[in-house]
Amino acid sequence: MYVTTARFETQHASKYLQQLCKHFAHKVEVAYDDRQGHAALPPGRAEMRAEDGALTIRLESEDVKNMIHARFVIDSHLATFAHREGFTGLSWSVETADRPG
């Protein structure tokens, strides 16, 4: 299991969290409120949290290919939603890469 996280410094964290979740809800299972949400994206589960001044995203994927794809999905949607803020992409960090035997 691969876990990767990113943080987007923005005063509109709740707005972007809700936009992402509403958009993803057209195709996948989603649950959210104004402070947190999760989406069962095909390449991996996305957990989002809106804090004061930042949107934090945590992705879980089964393999590297899906992890990269899930990152792309989030980045490309935020590029559309946050273009007025000059969004150019997230800096992702890998938390864990636990693989069986």
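Reckoned from all heavy atoms, side chains included, excluding hydrogens, waters and symmetry mates.
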In Å and rounded to the nearest 0.5 Å, what is the [atom1] to [atom2] distance from [X] to [Y]?
X   : Y   : atom1 : atom2 : answer
F72 : M67 : CZ    : CE    : 15.0 Å
T56 : F8  : OG1   : CZ    : 11.5 Å
M1  : R45 : CE    : CZ    : 10.5 Å
L55 : T10 : CG    : OG1   : 8.0 Å
D34 : C21 : CG    : SG    : 11.5 Å
R35 : Q18 : CZ    : CD    : 10.0 Å

Are side-chain heavy atoms of [X] and [Y] found at a separation under 4.5 Å?
X   : Y   : value
M48 : H38 : no
W92 : I68 : no
K22 : Y32 : yes
L41 : V73 : yes
D75 : F87 : yes

Please report the closest heavy-atom contact between [X] and [Y], naming both atoms and the distance.
X   : Y   : value
A39 : V30 : CB-CG2, 3.9 Å
S91 : A6  : O-CB, 3.7 Å
S61 : G44 : OG-CA, 4.0 Å
I57 : L90 : CD1-CD1, 4.0 Å

Would you call the rings of F81 and H77 parallel, tilted or perpendicular, where under 30° means parallel and over 60° means perpendicular?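 Answer is tilted, since the angle falls between 30° and 60°.
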Are there more than 12 heavy atoms of other residues, nucleotides or ligands under 6.0 Å from atom CD of E85?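 Check passes, neighbour count above 12.
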Does the pair E47/R49 count as a salt bridge with the N-to-O cut at 4.0 Å?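 Here E47 does not pair with R49 in a salt bridge, since their nearest N and O are not under 4.0 Å apart.
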Does one side chain, of T4 or R71, offer a donor that lies under 3.5 Å from an acceptor on the other?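 Yes, R71 and T4 have a side-chain donor paired with an acceptor closer than 3.5 Å.
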Looking at residues at least two apart in the chain, or sitting in another chain, which of them share a salt bridge (charged side-chain N to carboxylate O under 4.0 Å, His left out) with R7?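 For R7 the salt bridge (charged side-chain N to carboxylate O under 4.0 Å, His left out) partners, ignoring immediate neighbours, are E9, E51.
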Can V3 and L59 be said to form a side-chain contact (heavy atoms from CB on, under 4.5 Å), step by step? CA-CA 6 Å; V3 178; L59 300 171; over 6 Å; no
Could you walk me through whether L78 and L20 pass side-chain contact (heavy atoms from CB on, under 4.5 Å), step by step? CA-CA 8 Å; L78 278 175; L20 287 166; 4.0 Å; yes
